[in-house]
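Read through the structure below, which is laid out as structure tokens, and then see the notes.
What you see is a predicted model; the values in this text were computed from it and never measured.
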Number of protein chains: 2
Amino acid sequence: MLKNGKSVLLDVNSRRYYCQVELAMDLLGGKWKGVILWYLQGDTLRFTELRKRIVTISEKMLIRELRELEKAGLITRKVYPEVPPKVEYSLSDFGQTLAPLLSAVSDFGMSYALKFGQQVEE
Amino acid sequence: MLKNGKSVLLDVNSRRYYCQVELAMDLLGGKWKGVILWYLQGDTLRFTELRKRIVTISEKMLIRELRELEKAGLITRKVYPEVPPKVEYSLSDFGQTLAPLLSAVSDFGMSYALKFGQQVEE
DNA sequence: GGAAGTACTGATATATATGTCAGTAGCTGC
DNA sequence: GCAGCTACTGACATATATATCAGTACTTCC
């Protein structure tokens with residue numbers, strides 16, 4: 001809410017949000033988007049490389065999430081005209097501005113795990 | 001992945017995560033948790049006050065999310081033995097450590113809206 | 001005695017997210 | 001000519017998240 005008691009509305013891609021946090025969580029939420037962005041930080045990765053790093057994701061979901069992140073302007077997809085196919089994913093310039101967010105998320109996850117969880121190596 | 005090629009597993013509340021970002025997003029994800037935490041930053045709010053601020057949330061969801069955030073140790077619930085009931089919600093000490101995360105999320109949402117959206121006042 | 005206020009609960013419905021499985025194109029190497 | 005590689009696609013099933021609606025307890029105030 002603003003000082004005058006009115007609410008700020010954000011219209012983005014035909015969706016309406018009442019708060020910038022709502023918008024951000026809609027873009028980054030879900031089970032995998034954060035993880036994908038995290039692995040793409042500072043790295044350019046091929047589809048298969050991403051799949052190997054994100055152990056438990058299904059190919060189906062990985063593709064879908066990559067498409068959505070691309071549509072949102074956060075990542076870039078580069079196709080090489082080769083056989084077998086080669087496609088590289090990386091953060092877009094705008095996606096790079098996620099750096100502080102991603103490291104805050106990572107820090108939080110880590111300190112939560114240290115506080116409440118057990119850590120196991122396999 | 002660690003340097004030795006092994007993956008770090010996190011066991012938290014009987015759930016297994018392969019990455020701290022995955023854990024964090026599981027705790028904070030969904031449509032409302034981020035917004036709730038955002039409004040509780042620096043404020044202690046009653047149930048009804050929260051509901052008024054988060055215009056479009058249903059009571060059902062607000063209660064459920066508050067319960068989960070409490071269970072996760074991120075917020076504190078204080079009940080006053082009065083009639084009509086009075087219950088106050090605020091960030092726990094640990095929840096306060098979300099400050100940098102929340103402001104990064106808010107900043108990102110704002111800059112995304114400025115870049116791709118229209119802003120409307122109602 | 002009846003309405004109003006607060007913080008809920010529960011049943012049920014719907015929507016969205018995620019998973020599983022099978023299959024494909026085009027080239028390479030055997 | 002057949003398997004293998006890569007980055008996918010589509011049909012379908014299931015799980016989870018979210019919404020809608022009705023109702024409740026206890027007190028105060030009129």
Interface with DNA chain C, restricted to residues 74-82 of chain B and to heavy atoms under 4.0 Å: B:Arg77

Atom pairs, N/O to N/O, protein against nucleotides 25-30 of chain D, distance under 3.5 Å?
none

Listed partners of B:Ala72 passing side-chain contact (heavy atoms from CB on, under 4.5 Å), at least two apart: A:Tyr112, B:Leu27, B:Leu74

Contact letters for nucleotides 12-20 of chain C, in which S counts primed atoms plus P, OP1 and OP2 and B counts the base, heavy atoms under 4.0 Å: ------BSB

Partners meeting side-chain contact (heavy atoms from CB on, under 4.5 Å) with A:Thr97 (sequence neighbours left out): A:Phe94

Between P of C:dA7 and CG of B:Leu50, the distance in whole Å: 10 Å

Partners meeting salt bridge (Lys or Arg N to Asp or Glu O under 4.0 Å) with B:Arg64 (sequence neighbours left out): none

Partner residues of B:Glu59 under the salt bridge (Lys or Arg N to Asp or Glu O under 4.0 Å) criterion, sequence neighbours left out: B:Arg51

By side chain to side chain donor-acceptor pair (under 3.5 Å) - contacts of A:Glu22 (at least two apart): none

side-chain contact (heavy atoms from CB on, under 4.5 Å) involving A:Ser90 - partner list, sequence neighbours excluded: A:Thr44, A:Thr76

Qualifying residues under salt bridge (Lys or Arg N to Asp or Glu O under 4.0 Å), relative to A:Glu68, sequence neighbours excluded: A:Lys33

Pair A:Lys31 + B:Asp26, salt bridge at N-O below 4.0 Å: no

Residues which pass side-chain contact (heavy atoms from CB on, under 4.5 Å) with A:Lys86, listed by chain and number, not counting sequence neighbours: A:Arg46, A:Tyr80, A:Glu82, A:Glu88

Phosphate-side-chain proximity, B:Arg46 and C:dA7, N/O vs OP1/OP2 below 4.0 Å: yes

Inter- and intrachain pairs under salt bridge (charged side-chain N to carboxylate O under 4.0 Å, His left out), touching residues 91-116 of chain B, at least two apart: none

N or O in side chain of A:Arg67 less than 4.0 angstrom from D:dC8 OP1/OP2: yes

